[in-house]
Amino acid sequence: MNNANDKTFPDIRDAVRDLCAQFPDAYFRRIDEARGYPAEFVDALTRAGWLAALIPQAYGGSGLGLTEASVIMEEINRCGGNSGACHGQMYNMGTLLRHGSEAQKRAYLPKIAKGELRLQSMGVTEPTTGTDTTKIRTTAVKKGDRYVINGQKVWISRIQHSELMILLARTTPLADVKKKSEGMSIFIVDLREAIGKGLTVQPILNMVNHETNELFFENLEIPAENLIGEEGQGFRYILDGLNAERTLIAAECIGDGYWFIDRVTAYTKERVVFGRPIGQNQGVQFPIAEAFIEVEAANLMRYEACRLFDAHQPCGAQANMAKYLAAKASWEAANACLQFHGGFGFACEYDIERKFRETRLYQVAPISTNLILSYVAEHMLGLPRSF
Ligand SMILES: Cc1cc2nc3c(=O)[nH]c(=O)nc-3n(C[C@H](O)[C@H](O)[C@H](O)COP(=O)(O)OP(=O)(O)OC[C@H]3O[C@@H](n4cnc5c(N)ncnc54)[C@H](O)[C@@H]3O)c2cc1C
């Protein structure tokens, strides 16, 4: 495949590819079949320091930019793996880094950089309110030197492979705030102390082998010092972190997209039906070429989002558009790859059905495609607000 990406950041790409080569397709296939967690793979990434890319050197990380971090995530997916098992460890700490106190940063970031603490989880979504985040019902009420938490979250990922979670809860009732985005706060929850003492975790079996859970809070007490930043500003802090998350996930989708295109081009050159390679038929070529064009275009937007983020400029629009384009492009590439493998696309040993499921997630989570369209319509085009 002749794409520009292979020539950017060759040192990072080579090093991540070397590490990924120790975890071939069969490894991820076995983990998927067992609905397991790729612990050895995540440990190897942690030991090599890749998941600490965005943590500044002063706190034990490598202090790289989002651009370099996105190349790491892209390469994992491009090699056949799934960054979804561990991407939270790379970006969830951003909330702490930007809004935490110096004492909190000193307490957590060096340990997160070493992998001694995993901050892989972020609890925002709730079953009754869905995407309408300002209506969340989980509350945190201050009582002396503690906050008492009650409520419910759903789809909270990697709880069973995290020591820490960032939690969004309402600290002032919706009825008592001027703007609906006010009155929410974020906390760091130590899961080792919380589970079984006010927090109950219920795993959700799902289409992807993605460890995700329903959480029930019943009078969970956490120290007041676990509040991050100012009380009532949590929604704004969460939004601040989403640009990095969306851009990194765009890069993962781009890695997936190239993986599907590599596989389908190789296969359609080899597979002979009606006396010629199926890739000689334009009915086969065109959907693959179309998907390739879309992945390449999404890639440009991903680099633009990274460039702005690293220059500390507003990048909400570009991060959203990169995520939209990349998730759509990887899905088109997945669809073409599955289609042109015919029946073999459905055989687990080809890994296509696994990657097909994995990449499909990103049109729904962490933000659904419709909500990105709504953002662009309202914030970029000035159309009237619909909600
Ligand atoms: C595997 C997995 C892992 C996840 N991990 C996490 C996690 O770690 N932490 C976390 O907090 N959340 C997590 N989520 C939740 C995820 O962010 C949400 O599922 C997603 O944001 C959509 O919210 P919802 O499921 O409540 O859908 P809803 O809000 O119920 O929406 C359903 C559909 O309706 C559409 N829709 C809703 N309102 C409108 C509108 N006004 N206009 C047009 N379309 C609309 C949406 O686009 C969507 O397609 C995860 C989800 C999954 C599936």
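Ligands are counted one by one from 1 in listed order, and the atoms in each one are counted from 1 as well.
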* Just distances here: any N/O of Ser386 and N/O of ligand 1 closer than 3.5 Å? -> no
* Protein contact for atom 5 (N) of ligand 1 (heavy atom, distance under 4.0 Å) -> yes
* To do: Answer with yes or no after comparing the ring centroid distance for Phe340 and Tyr267 against a 6.0 Å cut-off, counting only values under it.
  => no
* Structure fact -> Taking only non-hydrogen atoms of Ile156 and a 4.0 Å limit, the atoms of ligand 1 in range are 7 (C), 8 (O), 9 (N), 10 (C), 11 (O)
* Within 4.0 Å of atom 30 (O) of ligand 1 (strictly less), any protein heavy atom? -> no
* To do: Please determine if Ser157 has a nitrogen or oxygen closer than 3.5 Å to a nitrogen or oxygen of ligand 1.
  => yes
* To do: Decide whether an N or O pair under 3.5 Å exists between Glu126 and ligand 1.
  => no
* Return yes when at least one protein heavy atom is under 4.0 Å from atom 13 (C) of ligand 1, and no when none is. => yes
* To do: Run down the list Val124, Ile372, Asn370, Val208 and name the one with the heavy atom closest to atom 35 (C) of ligand 1.
  => Asn370
* To do: Could you list which atoms of ligand 1 come closer than 4.0 Å to a heavy atom of Gly130?
  => 26 (O), 29 (O)
* Tell me whether the centres of the aromatic rings in Phe356 and Trp331 are closer together than 6.0 Å. => yes
* Atoms of ligand 1 close to Leu371 [distance to a heavy atom under 4.0 angstrom, numbered from 1] -> 47 (O)
* Basic-acidic side-chain contact under 4.0 Å: Glu332, Lys328 -> no
* Structure fact -> If we number the atoms of ligand 1 from 1 as shown, the ones under 4.0 Å from a heavy atom of His210 are 1 (C), 3 (C)
* **Proximity of Tyr108 and Tyr59 rings by center, below 6.0 Å** => no
* State the CD-OG1 distance between Glu214 and Thr125, to the nearest 0.5 angstrom. => 12.0 Å
* To do: Determine the interplanar angle of the Tyr37 and His161 rings, folded into 0 to 90°, and report it as parallel if under 30°, tilted if 30 to 60°, perpendicular if over 60°.
  => parallel
* To do: Say whether Trp155, considering both its backbone and side-chain N or O atoms, lies within less than 3.5 Å of an N or O atom on ligand 1.
  => yes
* **atom 42 (N) of ligand 1 touched by protein heavy atom at under 4.0 Å** => no
* Asked: Are any of the N or O atoms of Asn206 closer than 3.5 Å to those of ligand 1?
  -> no
* Fit a plane to each ring of His341 and Tyr350, take the angle between them on a 0 to 90° scale, and name the class: parallel (under 30°), tilted (30 to 60°) or perpendicular (over 60°). => perpendicular
* Asked: Looking at Pro366, which atoms of ligand 1 are within less than 4.0 Å of one of its heavy atoms?
  -> 17 (O), 21 (O)
* To do: May I ask whether atom 46 (C) of ligand 1 is less than 4.0 Å from at least one protein heavy atom?
  => yes
* Asked: Which of the atoms in ligand 1, numbered in the order shown and given with their element, are less than 4.0 Å from a heavy-atom of Phe387?
  -> 41 (N)
* Do ligand 1 and Met122 have nitrogen or oxygen atoms that lie under 3.5 Å from each other? -> yes
* Would you please classify the geometry between the Tyr91 ring and the His87 ring as parallel, tilted or perpendicular, with 30° and 60° separating the classes? => tilted
* What atoms in ligand 1 come closer than 4.0 Å to a heavy atom of Thr131? -> 22 (C), 23 (O), 26 (O), 27 (O), 28 (P), 29 (O), 31 (O)
